[in-house]
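What follows is one structure encoded as structure tokens, with my remarks underneath.
In what follows, every chain begins at residue 1, and chains take the letters A, B, ... in the order their sequences are listed. Predicted model only: the values in this text are computed from it and were never measured. Note: hydrogens, waters and symmetry copies are ignored here, and every other heavy atom, side chains too, is used.
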Amino acid sequence: MSDSPRYRFAPSPTGFFHVGGARTALYNWALALRTGGTFVLRIEDTDESRNSPEWTQGIIDALSWLGIDSQSPRFEGPYFQSQNAELHIAAAMKLHAAGKAYWCDLTADQIQERAKTSGKQGYDGYSRDRGLAGGPGHVLRFRVPEGATIVSDLVRGEVEFANDTIEDFVLLRSNGSPMFLLANVVDDIEMRITHVVRAEEHLPNTPKQQMLWEALGATPPIWAHVPVLVNEQRKKLSKRRDKVALEQYREEGILPNAMINYLMTLGWAPAGDTEIVHWSSMVEEFRLEDVNHSPAFFDIKKLSSFNGDYIRAMSLDEFIQAASPVLASTEAWPADRFSAGVFVQAAPLVQTRVVTLSEIPAMVDFLFLENPAIDDDAWNKTMSADFARTVLADFTAAIASAEWNHDSLKGILETWTEANGLKLGKTQAPIRVAITGRTVGPPLFESLEILGREETIRRLTAGIARLG
RNA sequence: GGCCCCAUCGUCUAGUGGCCUAGGACACCACCCUCUCAAGGUGGCGGCACGGGUUCGAAUCCCGUUGGGGCUGCCA
């Protein structure tokens with residue numbers, strides 16, 4: 001039991017959940033599931049960042065949306081880094097006692113000044129042998145040993161860093177609080193983490209962390225640095241310019257399964273000719289050794305395509321259920337005009353026509369609006385046909401006593417269309433615009449059937465009147 | 001600047017020395033189907049960054065060049 005792998009996901013609470021973090025979490029989760037290991041969640045709140053409970057809840061909720069269930073026996077946490085500060089400081093003191101760390105009183109300005117005069121960048125180890133004591137204004141620095149550090153990485157292979165390119169980094173700030181590098185390592189040791197799977201941006205930190213593991217007398221974990229997610233400019237996805245909040249995609253009607261599937265394929269591909277695969281087979285197949293080495297573009301178009309596939313793969317009942325929150329919260333129509341029964345009838349017509357859930361209201365709004373807005377371009381384009389007035393009038397008259405189903409209604413228009421030597425594609429247009437206000441939408445005759453005879457005739461009559 | 005990583009269609013990828021005339025997916029285009037729009041079907045466009053090696057044979061191995069990216073904080 002004690003030798004089963006322990007993975008971890010260690011986000012910092014920033015108020016939203018980054019899609020890059022989502023992918024990292026998913027990789028860790030898949031690995032924990034397949035290996036019978038554990039997924040440890042640790043909130044890295046070391047910064048003075050307010051200890052905001054709702055942000056933590058946001059992380060838990062986002063993970064849960066991704067299928068990472070905090071109630072699962074494979075799940076452990078959340079732990080809070082800030083609560084381990086004493087442990088971090090104790091570890092730092094242990095390093096100091098062993099001569100592996102030392103106090104330094106240089107300020108950032110002084111370091112910069114020394115660097116300028118020496119022509120070298122960064123901190124030069126000035127206080128290494130000054131034997132300073134701790135105290136206000138003094139930071140504790142790690143004494144980087146001579147030699148080289150080889151990081152053995154499951155996706156990168158062996159990466160060698162010359163230690164003389166690594167400066168004596170800070171362990172404890174001048175106010176005594178522990179830095180990320182230290183806290184991260186101490187927590188990982190404490191939590192018996194065996195595999196550190198994270199984004200490649202952390203690779204340059206890894207030799208430092210590995211030295212800390214060793215200096216603290218622990219065996220370093222297995223490292224794996226997965227490629228970063230980038231935007232179309234091939235820059236790391238950033239909160240500032242890119243749409244990175246998982247919550248936003250959720251709100252826009254992206255299905256969790258589509259997001260999970262898509263995220264998993266960014267840097268990795270399941271076997272076979274299709275990328276749309278069930279989570280269970282991804283868990284079965286996913287290997288860090290197979291993860292690609294280059295940055296992956298987060299392509300919303302492809303995500304949307306996956307989402308469309310997942311929407312179409314749902315049963316009708318599942319689709320209706322998935323749509324219900326969107327229908328309930330939309331402002332596309334007054335809430336009291338909505339009818340679940342009507343939507344159920346329209347649902348099969350909508351399911352193949354939307355890529356995200358949020359597109360649903362615009363597709364069915366004409367069913368719930370008393371007077372749907374008529375698009376001017378649509379109106380002008382279709383009503384300028386010389387047959388527009390007569391088709392509206394004749395169709396309106398003919399359906400007054402027709403059998404009320406889509407086949408019957410279609411038959412009526414077809415008869416009229418043939419008699420006038422036209423095409424159904426042309427003659428349905430004025431009717432569609434008069435009914436829905438648009439040139440595109442769900443199949444017309446089914447829509448009329450759902451709308452009902454009375455309302456259909458009312459709108460057609462209004463359309464004729466509008467023609468003047 | 002320094003350190004490190006990376007390099008297959010526009011994009012995500014398959015490919016681990018001969019099965020490659022480089023496969024799939026997204027996007028795009030065309031056609032079919034069709035009451036609009038979708039969905040679906042069929043087909044098409046399009047790539048191993050470049051230069052040297054190694055080898056009987058290289059997208060696959062090595063070196064270099066070029067080009068991208070990450071890191072370079074008393075942030076995480």
| request: Can you check each nucleotide of nucleotides 32-38 of chain B against protein heavy atoms at under 4.0 Å and return B for base, S for sugar-phosphate only, - for none, in 5' to 3' order? | output: ---BBBB
| note | For nucleotides 6-14 of chain B, 5' to 3', base contacts (B), sugar-phosphate-only contacts (S) and non-contacts (-) with protein non-hydrogen atoms under 4.0 Å give SS---SBSS
| field | Annotated protein contacts, base or backbone, on nucleotides 45-50 of chain B with a non-hydrogen cut-off under 4.0 Å, one of B, S, - each | value | ------
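Applying the ring-ring contact (aromatic ring centres under 6.0 Å, His included) test to pairs two or more places apart or on separate chains, those with a residue in residues 256-278 of chain A are A:Tyr262-A:Phe298, A:Tyr262-A:Phe306, A:Trp268-A:Phe286. Legend: ring-ring contact (aromatic ring centres under 6.0 Å, His included) pairs involving residues 133-183 of chain A, not counting sequence neighbours, sorted by first then second residue: A:Phe142-A:Phe169. Residue pairs meeting the side chain to side chain donor-acceptor pair (under 3.5 Å) criterion with at least one partner in residues 222-237 of chain A, sequence neighbours excluded, are A:Asp153-A:His225, A:Arg198-A:His225, A:Glu201-A:Lys236, A:Thr206-A:His225, A:Gln210-A:Trp223, A:Asn231-A:Asp242. Annotation: salt bridge (charged side-chain N to carboxylate O under 4.0 Å, His left out) contacts involving residues 288-306 of chain A, sequence neighbours excluded, comprise A:Glu275-A:Lys302.
In this structure, A:Glu289 places its CD atom 13 Å from P of B:G15, rounding to the nearest Å. Rounded to whole angstrom, the span from the CD atom of A:Glu359 across to the P atom of B:A39 amounts to 11 Å.
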Residues 439-448 of chain A, side-chain donor-acceptor partners within the protein, below 3.5 Å, at least two apart:
from: A:Ser447; atom 1: OG; to: A:Pro443; atom 2: O; distance (Å): 2.7

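Taking the C1' atom of each, B:U8 and B:A58 are spaced 14 Å apart, rounded to whole Å. Comparing the P positions of B:C9 and B:G51 gives an interatomic distance of 16 Å, to the nearest angstrom.
Looking at heavy-atom distances under 4.0 Å, A:Gln121 makes contact with a base. Residue contacts shown for A:Glu232 are absent, as no nucleic acid heavy atom lies under 4.0 Å away. Residue contacts for A:Lys120: at a heavy-atom cut-off of 4.0 Å it reaches no nucleic acid atom on any strand shown. Across all strands, A:Leu140 comes closer than 4.0 Å to no nucleic acid atom at all (heavy-atom distances). Nucleic acid contact for A:Phe161: sugar-phosphate only, since backbone atoms but no base atoms lie under 4.0 Å from a heavy atom of the residue. Looking at heavy-atom distances under 4.0 Å, A:His225 makes no contact with the nucleic acid at all.
Looking at A:Arg130 and A:Ser127, their side chains do bring a donor and an acceptor atom within 3.5 Å of each other. No hydrogens or angles considered: nothing links the side chains of A:Thr14 and A:Ser12 as a donor-acceptor pair under 3.5 Å. A:Asn184 and A:Glu44 share a side-chain donor-acceptor pair at under 3.5 Å. No side-chain donor from either of A:Asn405 and A:Glu449 sits under 3.5 Å from a side-chain acceptor of the other.
Residues forming a side-chain hydrogen bond (donor to acceptor under 3.5 Å, both in side chains) with A:Tyr310 (at least two apart in sequence, or on another chain): A:Asn261. Residues satisfying the side-chain hydrogen bond (donor to acceptor under 3.5 Å, both in side chains) criterion with A:Asp188, sequence neighbours excluded, are A:Arg8, A:Arg42.
Checking B:A49 for Watson-Crick or G-U wobble geometry (two distances, each under 3.5 Å) identifies B:U65 as its partner. Both distances falling under 3.5 Å, in either a Watson-Crick or a G-U wobble arrangement, place B:G40 opposite B:C32. For B:A25, the paired nucleotide is B:U11, the pair qualifying as Watson-Crick or G-U wobble because both relevant distances are below 3.5 Å. Using N1 to N3 plus N6-O4 or O6-N4 for Watson-Crick, or N1-O2 and O6-N3 for G-U wobble, each under 3.5 Å, B:C56 pairs with B:G18.
Using a distance-only test at 3.5 Å, with no hydrogens or angles considered, a donor-acceptor pair links the side chain of A:Arg453 to the main chain of A:Ile399.
With A:Trp379 as the aromatic partner, A:Arg466 meets the cation-pi criteria of under 6.0 angstrom to the ring centre and within 45 degrees of the ring axis.
The pair A:Glu200-A:Arg156 meets the salt-bridge criterion, with a side-chain N (NZ, NE, NH1 or NH2) lying under 4.0 Å from an Asp/Glu carboxylate O.
Checked against A:Asp168 for a salt bridge (charged side-chain N to carboxylate O under 4.0 Å, His left out), the options A:Arg141, A:Arg128, A:Lys100, A:Arg143 give a single hit: A:Arg128.
Considering all non-hydrogen atoms of both residues, A:Lys94 and A:Leu216 come closest at NZ-O, 3.4 Å. In terms of heavy atoms, A:Val230 sits closest to A:Pro295 at CG1-CB, 3.7 Å.
For the pair A:Lys235 and A:Thr107, both in contact range of RNA chain B, the more 5′-proximal nearest nucleotide belongs to A:Lys235.
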What protein N or O atoms touch nucleotides 40-44 of chain B N or O atoms at under 3.5 angstrom, if any, and at what distances?
from: B:G40; atom 1: OP1; to: A:Arg312; atom 2: NH1; distance (Å): 3.2

Pairs under 3.5 Å (N/O, protein and nucleotides 59-65 of chain B):
none

